[in-house]
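A quick write-up on the structure given underneath.
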2 protein chains.
Amino acid sequence: MAQDRRPAGRSERRVPGERKPREERWAQLLEVATQVFYEKGYEGASLQDIADRLGMLKGSLYYYIQSKEDLLFEVISEVHREGYAVVRTAAATGGDPLERLERTIRAHVEHACRNLVPTAVFLHELESLPAARRDAILGAGHAYQGVFRDLVAEAQRDGLARPDVDPRVAGLSILGSTNWVYRWFRPDGPSTPEEIGVQLAAMAVHGVATADALAARVAAVGA
Amino acid sequence: MAQDRRPAGRSERRVPGERKPREERWAQLLEVATQVFYEKGYEGASLQDIADRLGMLKGSLYYYIQSKEDLLFEVISEVHREGYAVVRTAAATGGDPLERLERTIRAHVEHACRNLVPTAVFLHELESLPAARRDAILGAGHAYQGVFRDLVAEAQRDGLARPDVDPRVAGLSILGSTNWVYRWFRPDGPSTPEEIGVQLAAMAVHGVATADALAARVAAVGA
DNA sequence: GGGCACCTACCGAACGTATGGTGGTCGGCG
DNA sequence: CGCCGACCACCATACGTTCGGTAGGTGCCC
């Protein structure tokens with residue numbers, strides 16, 4: 001390139017720029033990278049953009065990373081680990097399968113709403129990674145979608161979900177409706193994350209439950 | 001650049017390449033561009049890639065387009081127009097709101113399954129367009145999502161949908177679950193487009209309908 | 001019916017710029 | 001002093017875009 005971008009002015013000896021301890025800078029780098037990938041997409045984003053926002057030169061980034069792709073991998077890994085932990089926890093704690101399904105959906109939605117930008121990067125740029133690294137993140141069996149599928153299947157075994165529901169498709173349907181949220185949720189919009197979580201969970205539960213199970217739920221709440 | 005890519009071989013006088021009439025080439029260009037955008041993403045795709053597959057030099061593409069962005073715009077416009085037409089038609093034909101909702105979802109899903117690649121490009125690369133052109137395609141009011149929202153709202157007015165359902169969120173939930181399909185549907189997978197459509201439609205209808213409306217549906221089918 | 005004008009569909013080559021990445025350097029803090 | 005954190009200069013490559021040129025075709029006029 002012609003020359004790396006300078007903050008301003010001629011080539012007087014550059015001001016040294018802030019020095020920060022490694023860990024702090026690393027966290028800041030992940031944050032900035034996430035934001036830039038969000039705004040421009042992985043391919044559209046340049047290391048120059050990221051370096052600019054950190055107030056350093058792009059060459060200096062290689063003190064922290066080995067390649068641009070590594071950076072994306074790191075960003076996406078972190079997002080996925082967090083989200084998966086949230087969902088696993090919600091799905092594992094007590095209650096009948098329908099209760100756990102409802103709680104899991106709400107947790108998932110609220111987490112996505114509160115982490116809009118990372119979530120968007122995850123869902124958008126996962127495919128920008130080579131298949132091997134993608135699989136390393138998702139786990140061999142696409143564990144994420146398995147959580148919802150298994151909850152539906154379990155509800156079905158307990159007679160709480162309609163027998164004509166295909167648990168696999170139902171799980172994917174739920175994953176779709178919840179993973180779509182990042183596209184339309186706005187923090188200053190008409191609905192809070194909690195409200196949205198409640199709505200989506202209610203729709204999903206009604207979507208798969210038997211009439212009896214639903215009636216029993218109403219009775220339990222009324223009691 | 002070093003030199004435009006050749007089909008093969010040394011620099012013997014280039015074979016002239018097929019000449020085709022304008023309309024035919026234009027259709028082929030749109031098709032190839034869709035495929036390449038699908039495989040590499042808009043930013044990741046190069047005009048060189050597209051030209052190679054058409055058997056022409058990248059400079060020659062400018063006989064047909066004004067810019068790379070124009071090409072994306074054209075591709076996405078076409079996909080959206082088709083999909084919107086399908087959904088509008090399904091939503092407009094007769095029946096009570098729940099029946100129309102079901103039919104519309106099934107039509108939408110089947111159409112997406114049968115047009116996987118264009119659908120994926122539409123959903124992935126819409127944001128690669130500048131806001132103005134995006135709005136030009138979607139229409140000011142995001143008409144697409146409005147179709148589902150309106151059907152739910154209508155059902156609600158007729159007492160067929162539960163009053164605690166937020167039609168806006170419900171519409172977006174449906175759009176999410178159906179627009180997610182392109183991520184997991186495989187033509188050689190275990191479910192046909194029709195089966196998936198039926199499943200998703202059933203879940204959505206059960207998700208919003210009142211117990212009475214559902215009971216009435218069952219009775220009607222039984223009769 | 002032959003020549004001339006003009007169009008179509010594409011070639012070939014270049015331009016300017018940006019990109020991911022490398023390697024050597026160097027001030028300051030502990 | 002040593003090393004951390006960053007600077008700086010520099011590749012090689014790839015990209016979108018532009019532009020002049022040209023072989024083949026079509027229609028028209030004499």
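Residue numbering restarts at 1 for every chain, and letters A, B, ... go by the order of the sequence lines.
Atom CG in B:Asp70 sits about 13 Å away from atom C1' in D:dT17, given to the nearest Å. Put simply, CH2 on B:Trp26 is 15 Å from C1' on C:dA9, counting in whole angstrom units. The nearest whole Å value for the distance from the CG atom in A:Leu71 to the C1' atom in C:dT19 is 15 Å. Atom CD1 of B:Ile65 and atom C1' of D:dT17 are 10 Å apart (whole Å). Atom CD of B:Gln28 and atom C1' of C:dC10 are 14 Å apart (whole Å). Look at OH on B:Tyr63: it is 14 Å from C1' on D:dT22, rounded to the nearest Å. Here the C1' atom of nucleotide C:dG23 and the CG atom of A:Leu57 are 15 Å apart, to the nearest Å. Between A:Ile50 atom CD1 and C:dG21 atom C1' the separation is 14 Å, expressed in whole Å.
Taking OH of A:Tyr182 as the start and CG of A:Asn115 as the end, the distance is 14.5 Å to the nearest 0.5 Å.
Looking at which nucleotide of DNA chain C each of A:Leu47 and A:Ser60 is closest to, the 5′-most match is held by A:Leu47.
Contact annotation: A:Tyr62 side-chain N/O to D:dA6 OP1/OP2 distance is not under 4.0 Å. Here A:Arg25 reaches the OP1 or OP2 of D:dA6: one of its side-chain N or O atoms lies under 4.0 Å away. Contact check, A:Ser46 against C:dT19: a side-chain N or O comes under 4.0 Å of OP1 or OP2.
By the 6.0 Å contact criterion, OH on B:Tyr38 is open, its count of non-hydrogen atoms from other residues, nucleotides or ligands being 12 or less.
A:Ala51 comes within 4.0 angstrom of nothing in the nucleic acid, heavy atoms only.
Of all nucleotides listed (C:dA9, C:dG21, D:dA6), C:dA9 comes nearest to the side chain of B:Tyr64.
In summary, the side chains of A:Glu39 and A:Gln35 do present a donor paired with an acceptor at a separation below 3.5 Å, with no hydrogens or angles considered. Side chains of A:Gln199 and A:Glu195: no donor on one and acceptor on the other come within 3.5 Å.
Looking at A:Glu194 and A:Arg114, a side-chain N of the basic residue comes within less than 4.0 Å of a carboxylate O on the acidic one, giving a salt bridge.
Side-chain to base pairing of A:Lys58 with C:dG20: one donor and one acceptor N or O lie within less than 3.5 Å of each other.
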